[in-house]
Asks: 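Below you'll find the structure I mean.
So that the names make sense, note that chain A is the first sequence line, chain B the second, and so on, each numbered from 1. Both backbone and side-chain heavy atoms feed into the values below; hydrogens, waters and symmetry mates do not.
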Amino acid sequence: MKTDFVALEGNSRGYRIMVAILVVVGLAGQASFIISYVNGHQAFGSSNVIPWGLPITAAIYLIGLSAGSLILSSLTYVFGREQYKPVARMAVFLAIALIFGAMMSIAVDLGRPEKFWRLFMFFYLNNMTSMFAINGILYGGYFVISLAYLGTILAAQPKLTRIMGIIAVGWAILVHMGTGAIFGFIAARETWASPIKPLEFLTAALTSGLALLILAIILTLRFSGREVKQPLVVSLGRMLSVFIAVLVALITVDKLTHIYSPAREATVYMLSGHFSWIFWGLQIGLGAVVPLAILFNPGLNQKVSWLAAASASVVVGVFFERYYLVIPGAAFPQPYFSPGEIQGVWGALNSFALKPAEILLCAGIFAIVGLIFVLGLKYLDLLPPKEAPETPTGAAAKTPEGKA
Amino acid sequence: MARWGMVIDLDKCTGCQACSLACKAENNVPHGSPQEHARRTAPFWHKVIAVNQGAYPSPSTTLIPMPCMHCDDAPCTTVCPAKATYRREDGIVIQNFRRCIGCKYCIVACPYGVRSFNYKEQEGKTYHRPDLPPDRTDRGIWPFPTRVEGVVEKCTFCFHRIDEGLKQGKKIGVDVVPACAEACPAQVIAFGDLDDPSSNVSRLLASRRWFRLREDMSTHPKVFYLAD
């Protein structure tokens, strides 16, 4: 099967409004970054107990989306499943936009963002036992590799694409397991320390990445006036249900292991504390129960709009999985001395108040990722052609760039 | 090379917080507002925690002064991506402001919560060092004259006192001790060389029962607590 790819015309009123909105939100994010840089991290809700806040949540979430999206593009370019080919380019480009957003999120969460380059002085200024430094290699390499991968795809070099695809997928798996290791290797934080975290992160990445991809496919194709191929989306939906089931199994095992051990206070807090509604309602409810109910329902799992709803639910649910791990997961006071109850502020449950600056900052980063994606659709040949091309006059200049 | 350590006698501690105050004064650690303290964004290099045990009519409180434990196998030095925190030859775990990128991974990894982030441009900028060793100032990397927001800082065992004392040939642990040990009215805190069997800290450890905090973490802290 031969699939041609074309660029989006991008002349409609809706497209322009969307770009304008994304630019405005992106600029608002920039402004809040400047505020946080000038005022220091007091503009964020983080503290010495919960050192990481919304930007790190956004970072690991975006990395997950990116790795998941890239791994799925390999179905076409590595494993030769032609049925997914119409959307494979979009998946690779989405992955690049997302990893860029993730690196931005990490940079803006640093206390000294101007020293970001120090994370990439591998082996020279970096302490290579740090999972952050190792992930510096992984993220930087991932960015370069996926750009090269997209390059080979756009240059229509099937052999090179296959090689780059294999490298990119292996690397993407490493990237996300490395991200999980940032949390899983920390023995001091009871709720984080877990050998299963890298795998849990990888599965969450595949789940959220695939869900976002389904959503992006449906929305992009529908708004650009293309036909959404129902069998393609349905088969992706079937894959999504498997990923969700594995993710639920891993989360269950992780939580059960932590509860089984006598040092269970922090995990019990996570499961039944005053923020546990995020876990049960958003992470499990939106992330697993609702989408599984749709995906295993024989009537609904054939309908594109229901599949879009399930995917949107997963995308939100996995975000809150990250949120719940990073923020309430660190809130429980550490047992400096036991037995006994540490009095006062040193043993108090830390509260985390989301500040407007970090919310706006993350919204801005998401907007920039969206902007890169929609601009990429316009200036690169990422989309499958329309079934009955009507070639509006304005787009005629752009289309000849498309590969025959 | 010496291996500096601290021995804290919990039986003598009255919880007067003179150590915490002396630490703030010696190192010019910024003070935060009560709100900042409640949110845990105010920097502390040294703190005294009170741990309640039992219930009426037989309650008890253990007062535990907590400087940095200066672990021999410190998780913070393992996780720091920028080589900003490292263990000196003499066992002191130190934070280099110039290298610190402010990723806060060390705060995440520390089992004792002894690390503080500068959440704002602090008023107390000068990192009080009246006795800077001149050779190192020339090199320009260490020590740091001023603190900036956005980096992590922590207890240094008052290494400036130790370095200066060694240069002047004074006896560390007797003539020269960290500010917290010097300020303690009950002489709770002893400081000295753990590798020297004749030092005061070695004698205390040999004569009394001791424990360290969170030994299950296997970080091998060099702050020992006496209690019996």
Asks: Tell me, with the steps shown, if B:H37 and A:V345 meet side-chain contact (heavy atoms from CB on, under 4.5 Å).
Replies: CA-CA 8 Å; B:H37 182 46; A:V345 71; 3.3 Å; yes
Asks: Is A:Q334 reaching over with its side chain to a backbone N or O of B:C110, donor-acceptor style, under 3.5 angstrom?
Replies: yes
Asks: Need one label for A:Y37: side chain, backbone, both or neither, based on atoms under 4.5 Å from any heavy atom in chain B.
Replies: backbone
Asks: What is the distance from atom CG of A:N39 to atom OH of B:Y119, rounded to the nearest 0.5 Å?
Replies: 15.0 Å
Asks: Against chain B, label A:P335 side chain, backbone, both or neither, depending on which of its atoms sit under 4.5 Å from a heavy atom there.
Replies: both
Asks: Please indicate whether A:F100 has more than 12 foreign heavy atoms, meaning atoms of other residues, nucleotides or ligands, lying under 6.0 Å from its CZ.
Replies: no
Asks: Nearest 0.5 Å please: distance from the SG atom of B:C103 over to the CZ atom of A:F116.
Replies: 11.5 Å
Asks: With rounding to the nearest 0.5 angstrom, report the OG1 to CD distance, B:T62 to A:Q343.
Replies: 10.5 Å
Asks: Is a donor on one side and an acceptor on the other found under 3.5 Å between the side chain of B:Q53 and the backbone of A:P339?
Replies: yes
Asks: Is chain B contacted by the side chain of A:A330, its backbone, both, or neither, given a heavy-atom distance below 4.5 Å?
Replies: neither
Asks: Is it the backbone or the side chain of A:I342 that comes under 4.5 Å from a heavy atom of chain B, or both, or neither?
Replies: both
Asks: CG of A:N126 to CZ of B:R99: how many Å apart, nearest 0.5 Å?
Replies: 11.0 Å
Asks: Check whether A:L125 gets within reach of chain B through its side chain, its backbone, both or neither, counting any heavy atom under 4.5 Å.
Replies: backbone
Asks: Just how far is it from atom CD1 of A:I106 to atom CD1 of B:I101, taken to the nearest 0.5 Å?
Replies: 10.0 Å
Asks: Checking heavy atoms, do the side chain of A:Y124, its backbone, both or neither come under 4.5 Å from chain B?
Replies: backbone
Asks: Which atoms form the tightest heavy-atom contact between A:A188 and B:V108, and what is the distance?
Replies: CB-O, 4.4 Å
Asks: With only heavy atoms counted, which part of B:V114 is less than 4.5 Å from chain A, the side chain, the backbone, both or neither?
Replies: neither
Asks: Using non-hydrogen atoms and a 4.5 Å limit, figure out which bit of A:S46 sits close to chain B: side chain, backbone, both or neither.
Replies: both
Asks: Examine whether an atom of B:Y225 lies under 4.5 Å from a heavy atom of chain A, and if so say whether it belongs to the side chain, the backbone or both; otherwise answer neither.
Replies: neither
Asks: Taking side chain as everything from C-beta outward and backbone as N, CA, C, O, which of these in A:W52 sits under 4.5 Å from a heavy atom of chain B? Side chain, backbone, both or neither.
Replies: side chain
Asks: Name the member of B:T78, B:T41, B:V79, B:L213 that forms the most heavy-atom pairs with chain A at distances under 4.5 Å.
Replies: B:T78
Asks: Assess whether side-chain contact (heavy atoms from CB on, under 4.5 Å) is satisfied between B:Y112 and A:F337, documenting all intermediate values.
Replies: CA-CA 9 Å; B:Y112 305 100; A:F337 181 82; over 6 Å; no
Asks: Answer yes or no: are there more than 12 heavy-atom neighbours, outside B:E89 itself, under 6.0 Å from its atom CD?
Replies: no
Asks: Go through the atoms of A:I182 and report whether side chain, backbone, both or neither lie under 4.5 Å from a heavy atom of chain B.
Replies: both
Asks: Do the side chains of B:Y105 and A:I186 get nearer than 4.5 Å, heavy atoms only?
Replies: yes
Asks: Identify which part of B:A84 has an atom lying under 4.5 Å from any heavy atom of chain A, answering side chain, backbone, both or neither.
Replies: neither
Asks: Is B:T77 in contact with chain A via its backbone, its side chain, both, or neither, using a 4.5 Å heavy-atom distance?
Replies: backbone
Asks: Does a donor on one side chain sit under 3.5 Å from an acceptor on the other, for A:H41 and B:K104?
Replies: yes
Asks: Can a donor-acceptor pair be found, under 3.5 Å and without considering hydrogens, that links the side chain of A:R112 to the backbone of B:E149?
Replies: yes
Asks: Name the region of B:I64, side chain, backbone, both or neither, that has any atom closer than 4.5 Å to a heavy atom of chain A.
Replies: side chain
Asks: Looking at A:E341, I want to see if its CD is surrounded by more than 12 non-hydrogen atoms of other residues, nucleotides or ligands under 6.0 Å.
Replies: no
Asks: Can you check whether B:F117 and A:F44 have ring centres sitting under 6.0 Å from each other?
Replies: no
Asks: If I take atom CE from residue A:M121 and atom NZ from residue B:K83, how far apart are they, to the nearest 0.5 angstrom?
Replies: 12.0 Å
